[in-house]
Amino acid sequence: MSNVDLEQRVESLFDKQVEFLIRLVAAESTRGNEERAQKIMKNKMASDGARIDELKIDLDQIKHLPGFSPVLVDYKNMVNVIGNYGNTDGKGRSLILNGHIDVVPEGPLSGWTSHPYKPEVRDNKLFGRGTNDMKGGLTAKVFALKAIKEAGYKPNAPVYLQSVVEEECTGNGALACVAAGYKADAALIGEPFDEALVTAQVGVIWFQIKLSGKPVHAERATKGVNAVEAMLPVIAGYREMEKQWNSEKMNYPDFAQHQHPINLNVGEFHGGDWTSSVPAWAVLNLRIAIYPGDSLSERSRQIEKTLQNLIQENALVKKAKPVLVYHGFYGEGYTLPENTDAENELASAHEGIFNSPLKRIAVTAATDSRFFGIYQNTPALVYGPSGERIHAFDEYVDLDSLKNITKVYARFIQNWCGITEL
Ligand SMILES: [Zn+2]
């Protein structure tokens, strides 16, 4: 089969791909609500002839493993769906196609031009939460495999299409796939980094500071301990730590030229009960990046030390009895080894479709690639479509880009795994 045939298949299937993406986006899949979207993925892959595995996340199976992130939620309804494609006896190179089904919350609806879960096409862009991060990339995998099938072929090696949960908060979904024994000669993750290959990415740590105040009536506020106000020096203290970590960037070649590789995000704040009561409690959720190669335990020791120093230096913080909790991401950074066959094969597929060389980038976000790359020693390629405003209002995926990325995936699968007649 020529490359051209495969590209034409992708072209002629593309309306169906967009329809499928619209259905997938309409199935809101914020954390804990992934079931409906996973069912859509499952039915689609099954109808395309894949054998389906449903993998429940079992904490007992993963909590002792490197790469595990602590959680405060329960995993009752959280299931990874894996489509098994390809020729299990084939002599080609095997492949994991991984993508996450979970999306981040949409925020106030008033910020959206159209409803985040009623996807709308405007100007050849599809708008909605998760269109770009990363249900678009998931559909590209499904339809690249479908194009191969409709052409009368299948990959000549096992291909595992993993639709995982928990990417936006822990990575424990991908970790569960690793623990269950899925392994291949390469992994490809369709995160939306503008048609560029991610060669380095940061790690991420989530941590939570809880403060306890002393509530009194506001008329005698000076006698109380204000848990909300005590958080202000805590935020300032962690901003200083962020500055310090950024000043170390010269030690990390992938990020030495980056303007601000380490971002501390003051992500969530909750506290107080009543406008005329001095707040008895406050909780702050923070996210910070670490460099690839950094030790998680060393960086978390610095997070803890920063809090110890604040307790010593600030009487109000001390009175508020801070408690630090790790409540999510506890993930290392990852650097793709140079010049792997997988990267070269992807670069040639990309050039064949886009007629331009594949760009390489270092990103200040984390992806699930670390699980395959670090814990399975499998080259993990992060590469997906263009779009804008992930985690923001009016998120969109560019549909031309999505179509081209689907073609690149199809060609990559063809060349990496080889194909054999059905
Ligand atoms: Zn993502």
Side-chain angles (χ1 to χ4, degrees), residues 21 24-25 27-34 37-38 41 57 67 69 78 80-81 96-107 116-117 119 125-142 161-177 187-206 263 265 267 287 289 328-334 336 361-373 380-398 401-402 405-406 409:
L21 176 55
L24 206 55
V25 171
E28 176 193 340
S29 51
T30 46
R31 194 183 200 190
N33 303 306
E34 303 91 340
Q38 285 295 58
M41 281 298 295
I57 305 192
S69 290
M78 293 201 193
N80 292 324
V81 178
I96 287 170
L97 297 169
N98 172 287
H100 64 87
I101 198 75
D102 53 322
V103 300
V104 299
E106 65 281 3
Y117 302 113
K125 298 164 175 144
L126 182 71
F127 289 82
R129 171 59 82 237
T131 49
N132 201 31
D133 185 13
M134 59 157 283
K135 289 174 174 174
L138 270 174
T139 69
K141 296 165 201 299
V142 172
L161 202 172
Q162 304 175 337
S163 176
V164 301
V165 298
E166 283 287 283
E167 191 276 345
E168 296 285 5
C169 39
T170 62
N172 289 341
L175 179 61
C177 292
L188 173 62
I189 303 185
E191 292 279 12
F193 287 107
D194 292 324
E195 303 161 355
L197 175 69
V198 175
T199 49
Q201 62 178 51
V202 297
V204 167
I205 298 176
W206 274 15
N263 287 310
N265 190 50
R287 169 270 193 205
F329 276 124
Y330 197 72
E332 297 173 79
Y334 172 60
L336 183 69
I361 54 171
V363 301
T364 59
T367 76
D368 276 342
S369 65
R370 64 187 184 276
F371 296 101
F372 311 104
L381 309 168
V382 177
Y383 168 85
S386 300
E388 280 290 345
R389 299 197 281 273
I390 63 172
H391 295 220
F393 295 138
D394 287 349
E395 174 182 352
Y396 73 81
V397 65
D398 181 292
S401 174
L402 181 61
I405 289 291
T406 308
Y409 287 178

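Whatever order the structure lists ligands and atoms in, that order sets their numbers, starting from 1. Values reported hereafter were calculated over all heavy atoms of this structure, with side chains retained and with hydrogens, waters and symmetry mates removed.
- Taking CD of Glu388 as the reference point, atom CG of Asn132 lies at 8.0 Å (rounded to 0.5 Å).
- The name of the N, O or S atom in Glu191 nearest to the Zn ion (ligand 1) is OE1.
- Applying the salt bridge (Lys or Arg N to Asp or Glu O under 4.0 Å) criterion to Glu166, with sequence neighbours excluded, gives Arg31.
- Relative orientation of the Phe329 and Trp206 rings is perpendicular, given thresholds of 30° and 60° on the angle between their planes.
- Taking 2.8 Å as the threshold, Glu167 does not count as a candidate ligand of the Zn ion (ligand 1), since none of its N, O or S atoms lies below it.
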Using residues 188-199 as the side-chain source, report each donor-acceptor pair under 3.5 Å to any protein atom, sequence neighbours left out, with the distance given to one decimal.
residue, atom, partner, partner atom, Å
Glu191, OE2, His100, NE2, 3.2
Glu195, OE2, Ser386, OG, 3.4
Glu195, OE2, Ser401, OG, 2.6
Thr199, OG1, Ile361, O, 3.3

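- The Zn ion (ligand 1) sits nearest to atom OD1 when only the N, O or S atoms of Asp133 are considered.
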